[in-house]
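These notes are about the structure you will find just below.
Letters A, B, ... are given to chains in the order of the sequence lines, protein chains preceding strands, and every chain is numbered from 1.
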Amino acid sequence: MIESQRHSYHLVDPSPWPILGSLGALATTVGGVMYMHSFQGGATLLSLGLIFILYTMFVWWRDVLRESTLEGHHTKVVQLGPRYGFILFIVSEVMFFFAFFRASSHSSLAPTVEIGGIWPPKGIEVLDPWEIPFLNTLIPPSSGAAVTWAHHAILAGKEKRAVYALVATVLLALVFTGFQGMEYYQAPFTISDSIYGSTFFLATGFHGFHVIIGTLFLIICGIRQYLGHLTKEHHVGFEAAAWYRRDYGRSCSPRNDPKLDLGLFEIVPFNRNQRCFLVSRFFSEQIEEPNGSNSSLAATKDIGFAFRKERSVLFELKARAFVELKCDVLESPSLQALVFQFRIRCEEKNPRSRQ
Amino acid sequence: MGTCFSVLIRMELARPGDQILGGNHQLYNVLITAHAFLMIFFMVMPAMIGGSGNWFVPILIGAPDMAFPRLNNISFWLLPPSLLLLLSSALVEVGSGTGWTVYPPLSGITSHSGGAVDSAISSLHLSGVSSILGSINFITTISNMRGPGMTMHRSPLFVWSVLVTAFSLLLSLHVLAGAITMLLTDRNFNTTFSDPAGGGDPILYQHLFRFFGHPEVYIPILPGSGIISHIVSTFSGKPVFGYLSMVYAMISIGVLGFLVWAHHMFTVGLDVDTRAYFNAATMIIAVPTGIKIFSWIATMWGGSIQYKTPMLFAVGFIFLFTIGGLTGIVLANSGLDIALHDTYYVVAHFHYVLSMGAVFALFAGFHYWVGLSGMPRRIPDYPDAYAGWNALSSFGSYIS
């Protein structure tokens, strides 16, 4: 089936997950309020709501994976979307923690008389910062280093090593979480112990919550990498997880790669002046010489449009980056179709350079 | 619904003494709380950002749709649950009679022991998530999906206004989330963020809330000013005067909005130097705002003006917003604000700048503006000296 659209953006199909997610949110909040005021059924509703929300996230992102990796909708410019979006999301989360840091400094820089005018408050036995906290300060950057290693491995096409690196990343994160949990259990003060306990547990608690989410994200990336979903040019989901872990800026640019053979394509003029072509891929494994032609036409699958640009044809293939196709235009007996066979050298092209 | 609540409020204020509410002052407070939440979070913000923004931004930049259509959808669908929670907060137990600012200790567990305040907090959480997701969507769309040849400096002013609004939302809403989460744990999980007995401070909540609350009030007005720019230029037959200065004025308003939050807190006992800073910073915001007003006037100057309905509303907006803004300058003065804090002068200021073009605002605002700087707000009764103007105002609300 030919999908024709004149732009390279992704118009998603209607989806039930947003409304279901909202219902889950309603159930969670109502259940939460009921639970907090000891109404019957509150805890059940709260748990159901949370499970519902988790399920919605699972199926929503499964859809995104299906659309991008399997159906190839994520062109380069569409990939920029989630990249921007995720950076913005991280920025907003930083502001969330800003509120807790503000709370902490508000209380600690001018301690009130009720806690003895000193900080830490009178009677609080603080945890020794050079014991477990110090260890837990060293582990996250190591995990960040591991995820960077994984990233470089993906970019270099070393898929197995990328899996190992991701396993290392996740293991370190789990160790961190384990130590933090142990510390919570052994802490001599609780959340109810003055503003010190309040700020400590709320800030570290939310932090731990985010760590667990990040670990889950990386586990899923590890699974995807193992299954071969991530290519060296297209791994936005992985990058998002890596940023979440590291908070770094944009990833390094992919390197040029030796020729990548994509097989046999059919390119059909899409409009009369033959500046635009519809590209279809043959489901065929045969590789023939440039001056040959395929005799038997197998099934084709539309994969994108190409625009003639002087002597090369600029492709936008759905599942790959913009590539510049250096090929020899064949003479074809048929005016209707030009059949190409080529080897493509992958070069990253900035889509905006067309504008 | 918000209007109904405001009518109820005015019915109560029609005469001195207790009226229709039968002396139930808690109910009065619940009504004003619900009125504010409804108007801000379920009328102005969805209309400006969700409605106009979602519809017009893609069209104006030549994009086929927003960057994340499904995310857009969940931003919308989070609003009905949020509304439900808000209404239930008004209906359960004694309701949430805290004002939309939900300051502790009135919102603490000893003063409001039922589930109402928790419902209101949950409502705010959900609509906050909705707005944050929406703002991520807008920023990505505007950055990524402009048509070929449309650089940022060629995009329409409404697009710019939505961009600045989206950044303000993105940065300020999570601080609100932190503040109300701390309130929630204070109420239910025995933390002491605002309880002095544990070393906490109610002023902490105020700082965090107002850090959100100030950009939050620029959030309805910036897209509105974007719309006005479009209308004024269309119905004057001229492009907007000073495109670039309008853009930078909007950006400055957005940025400065984050630096002035404590002008809502002049009476809590801040240091005099702190008050002096916030005083000065607030007055500075008048400069870019003035630039915008003058640019609109300059746009109309020498143009061929058609007096169609939108233009009438726009001209009304410019006039009324200016008046309201000038009252804001008066309030910025920390000395004067000591007398005017928590009075109807403040209510006048924000209703003037917030509800534009409505007859109700005209009547009630005249009453607010002209005489009643000393009338206490959020209290359903008042000294008899204010009787006359209150009667006029309530009458005005009936006929509008």
Side-chain angles (χ1 to χ4, degrees), chain A residues 5 7 9 11-12 14-15 17-19 21-23 25-26 28-30 32-34 36-37 39 60 63-64 77-78 80-82 84-85 88-89 91-100 102-103 106-107 111-112 114-115 121 190-199 201-202 206 354-355, chain B residues 63-65 67-71 73-74 76-78 80-81 84-85 88 114-115 118-119 122-123 125-126 129 132 135-137 139-140 143-145 148-149 170-175 177-179 181-182 184-193 196-201 203-204 207-208 211:
Chain A
Q5 60 177 42
H7 56 81
Y9 298 105
L11 294 176
V12 301
S15 164
W17 312 131
I19 189 172
S22 314
L23 283 175
L26 181 64
T28 309
T29 45
V30 172
V33 174
M34 284 170 68
M36 290 190 287
H37 290 272
F39 282 99
W60 186 322
D63 273 357
V64 175
V77 65
V78 172
L80 274 180
Y84 280 161
L88 293 170
F89 176 68
V91 167
S92 76
E93 294 279 284
V94 166
M95 295 308 289
F96 182 62
F97 280 100
F98 172 73
F100 292 112
R102 174 64 179 266
H106 189 99
S107 329
T112 69
E114 284 91 348
I115 52 175
T190 72
I191 199 174
S192 319
D193 283 321
S194 88
I195 186 82
Y196 187 87
S198 306
T199 47
F201 282 106
L202 220 52
F206 270 114
R354 283 205 294 158
Q355 293 169 5
Chain B
D65 197 349
F68 303 119
R70 264 178 313 214
L71 202 67
N73 201 355
I74 198 174
F76 170 71
W77 282 112
L78 279 171
L84 211 60
L85 281 165
S88 64
D118 299 305
S119 288
S122 307
S123 164
H125 268 304
L126 289 187
V129 171
I132 290 177
S135 65
I136 293 179
N137 213 346
I139 298 176
T140 308
S143 311
N144 202 19
M145 291 174 76
L170 191 76
L171 298 174
S172 63
L173 268 170
H174 262 312
V175 179
T181 306
M182 286 190 242
L184 196 68
T185 57
D186 263 8
R187 284 172 52 83
N188 297 294
F189 299 112
N190 242 336
T191 56
T192 50
F193 287 104
D201 190 4
I203 306 297
L204 169 66
H207 274 293
L208 290 172
F211 187 82

Contacting region of [X] [heavy-atom separation from chain A under 4.5 Å]:
| X | value |
| --- | --- |
| B:A177 | both |
| B:L208 | side chain |
| B:I132 | side chain |
| B:L126 | side chain |

Notebook entry, point to check: Ring centroid separation for A:F206 and A:F96, is it under 6.0 angstrom?
Noted result: yes

Can you tell which part of [X] gets under 4.5 Å to a heavy atom of chain B, answering side chain, backbone, both or neither?
| X | result |
| --- | --- |
| A:F97 | neither |
| A:I19 | both |
| A:T199 | both |

Note to self: Taking side chain to side chain contact (heavy atoms under 4.5 Å, CB included) as the definition, give me every residue that meets it alongside B:F76, ordered by chain and number, with sequence neighbours left out.
What the structure shows: none

Notebook entry, point to check: Can you tell which of B:N190, B:T185, B:T191 makes a side chain to side chain contact (heavy atoms under 4.5 Å, CB included) with A:S198?
Noted result: B:T191

Next item on the list: Tell me, out of B:L85, B:L84, B:I203, who's got the most heavy-atom pairs with chain A below 4.5 Å.
Entry: B:L85

Next item on the list: Determine the option with the most heavy-atom pairs under 4.5 angstrom with chain A, choosing from B:S123, B:P196, B:S172.
Entry: B:P196

Item checked: Derivation of the side chain to side chain contact (heavy atoms under 4.5 Å, CB included) call for A:Y84 and B:I136 -> CA-CA 8 Å; A:Y84 280 161; B:I136 293 179; over 6 Å; no

Next item on the list: Quick one: list whatever passes salt bridge (Lys or Arg N to Asp or Glu O under 4.0 Å) with B:D186, sequence neighbours left out.
Entry: none

Next item on the list: Please report the closest heavy-atom contact between A:S22 and B:P81, naming both atoms and the distance.
Entry: O-CG, 3.7 Å

Item checked: Shortest non-hydrogen separation from B:S122 to A:V33 and the atoms involved -> OG-CG2, 3.7 Å

Next item on the list: Heavy-atom pairs under 4.5 Å with chain B are the metric here; pick the option from A:F100, A:F201, A:F98, A:Y196 that has the most.
Entry: A:F100

Check: In terms of heavy-atom pairs under 4.5 Å, which option from A:S92, A:S192, A:G81, A:A99 contacts chain B the most?
Finding: A:S92

Next item on the list: Check whether more than 12 heavy atoms from other residues, nucleotides or ligands sit under 6.0 Å from atom CH2 of A:W17, and answer yes or no.
Entry: yes

